[in-house]
Protein chains: 2
Amino acid sequence: MTRPTINDVARAAGVSKGAVSFAFNNRPGIAPDTRDRILETARSMGWTPSSRARALSVSRSLALGLVIARPPETLRSDPFFPSFIAGVESVLAEAGYALLLQIVPADDAGHASYRRLAEQGRVDGVLLTDLHVDDDRPALLAEVGLPAVIVGPDLGEAFWPAVGVDDGPGITAVVEHLVGLGHTSIAHVGGPSAMVHGRSRRTAWAAALEAAGLEPGPFVEADFSAEAGASATTHLLDLAEPPTAVVYANDLMAMAGLAVAVARGVDVPGQLSIAGYDDTELAAHLQPPLTTVTTDVIGWGRAAATRLLDLVEQRQSADVRLDPPRLVVRGSTGPAPARPTT
Amino acid sequence: MTRPTINDVARAAGVSKGAVSFAFNNRPGIAPDTRDRILETARSMGWTPSSRARALSVSRSLALGLVIARPPETLRSDPFFPSFIAGVESVLAEAGYALLLQIVPADDAGHASYRRLAEQGRVDGVLLTDLHVDDDRPALLAEVGLPAVIVGPDLGEAFWPAVGVDDGPGITAVVEHLVGLGHTSIAHVGGPSAMVHGRSRRTAWAAALEAAGLEPGPFVEADFSAEAGASATTHLLDLAEPPTAVVYANDLMAMAGLAVAVARGVDVPGQLSIAGYDDTELAAHLQPPLTTVTTDVIGWGRAAATRLLDLVEQRQSADVRLDPPRLVVRGSTGPAPARPTT
DNA sequence: TCCCACCACTAAACCGGTTTAGTGACGAGC
DNA sequence: GCTCGTCACTAAACCGGTTTAGTGGTGGGA
């Protein structure tokens, strides 16, 4: 009943365990028919090398880590991670690696988790997400000697390579779309400016407005949550001169904002155009359906995993090109109203 | 630079490596002051036992597995897993275990993944989610000798223990709430009847109607997706005698259904009451806000992890009581219209 | 005083692979 | 005929812990 070991296979095939190992990792020094005999014996006994033993002898864990330091509530509605992980997984499975996932309270941004993973030698490298503007995790990882790949736009100054689509062009496309519809007062409800993807979207929004020769519209900093999206929207609609269009940093805030507008009797898109970011499943099924930006998150996961594997296995890695974010126009955006909403 | 090993610590403390191991796993046979000296030496050298080496010598992986066999698209909007995993994680971290996550295409329900995890000895046990009515994974896991805990309602007949709140009472509460509002034609848009949590919700709905002395309302089988929720709703509203209330098996379908109703000019809740299940973050921020059912998913994750740990460590495990699902009444449900919608 | 039990600790085996050093057989070259 | 190199393989060390068997010293009881 107990799993066979390499010794059992060696004995059954009448060779030394070294030979079995050689045959399995097809290295030279084993005659073709001996190799075949060994592999066939192993197959018939149902033997697969124990990753525990392998990990110890090759001094690697054969596992990568992903630490998500966030309160689970904000994770519940995040459309990013499942797809991202699926992409990561598809690469790791092929390479014989496993993914270790930790979801921890946001307290210390997961520092303790990273430290533990490194000290215990649980993983050979980690993926770094949700990067903050002055994130000290890269330094921490450099200190404990854990290779990492930053998931998100490349900041240039980083210790580690970054993989990710720049979200700027997506926001730019949204703004250009709205400008094309005649809007001149385009607001932005952003994520926390302490977070990289909060800041980069805001920057792109501001830059696109400037490029179009428009005044910067009103900006409200929120935190990607529905609650914050709703109150930001209330705030915007209460302005003396409310914007005719709002670009939200994610779908969740946009959807909550849409509900607020509807509840106040503001016609969308007649009086107010609304755009999100993420292309959540629900976005297409709202009333009106939400104009938003879609990204190839699975491909992103694949790219990040590939890059990190190259890093831990000390391979040279090719630069991957990811599909840029793509604007999806739906019913929540329309021509600017003839005169400002009253 | 390279991590110290137990040998380095032993040498530095002037003892054998066995003594260091004893001190760390506080077993008898080490004098208190010797123990203190060893621990202090280890601390000052920053030594932590390598989980690779530990795993090999104790013949356990010190890791549990979670395989999610679903297309990532349907996972994107699933509010369950992040919270669930957070709960699991909180227990595992304390016990020194790690969580191995695999998200794989739905092809073979993850059979290959389970087999691989077992053969390679990657994990000591797995959590089984998304159980199908005639699921063969329990048999597979029994065959490969991998302990498991089924996440979901206990079916009684299973090979392995099950942990999870019964979702029946939640649906029952929704139906009773609607009956109390005077509804007599209450429809259900369910999940796939091939899935346990699809079937159990439908059964609860039918039973609650019968208990209230009502005719079974119309039922549409869907697949938990927004798309399916929308078309099911269209179908229901097209009936000669449309229902005055619809109970959806999850929030996503309910929200899509709500949008369909609004688009058709059906007043919610004036002409049609709508209820979901999950208490998604967005539910409270729709217009009208969605009546739904909330569950303590984090506690659920904790309970499942605890149970599985007890199983792999061969401990007796106490039966945990989970908070039952709780009805959250919001604006999408209201008194039944005086006469059927026309 | 001698014996025994017990305590604190060490030496070595073990987990199951990978990897290095070494060995015997065989053929080629001078 | 002897040496050398190569091939196919084996024996043993090694990864870094845990665990078992064994050992020396001390105290108590007869």
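Only a predicted model underlies this, so the values are computations on that prediction, with no experimental measurement involved. Numbered from 1 within each chain, the chains take letters A, B, ... in sequence-line order.
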Legend entry - Spacing of B/W47 atom CH2 and B/T41 atom OG1 [to the nearest 0.5 Å]: 11.5 Å
Legend entry - Rounded distance in Å - CD1 (B/I38) to C1' (C/dA8): 11 Å
Inset, instruction - Answer yes or no: are there more than 12 heavy-atom neighbours, outside B/E313 itself, under 6.0 Å from its atom CD? - result: yes
Inset, instruction - Could you tell me whether the side chains of B/R122 and B/S61 share a donor-acceptor contact shorter than 3.5 Å? - result: no
Legend entry - Presence of salt bridge, B/R43 and B/E40, under 4.0 angstrom: yes
Inset, instruction - Tell me what B/T34 touches on the nucleic acid: a base, only sugar-phosphate, or nothing, going by heavy atoms under 4.0 Å. - result: sugar-phosphate
Inset, instruction - Report the relative orientation of the aromatic rings in B/F84 and B/F80; use parallel for angles under 30°, tilted for 30 to 60°, perpendicular for over 60°. - result: parallel
Legend entry - Under 4.0 Å protein heavy-atom contact, by nucleotide of nucleotides 14-21 of chain D - B base, S sugar-phosphate only: -BBBBBB-
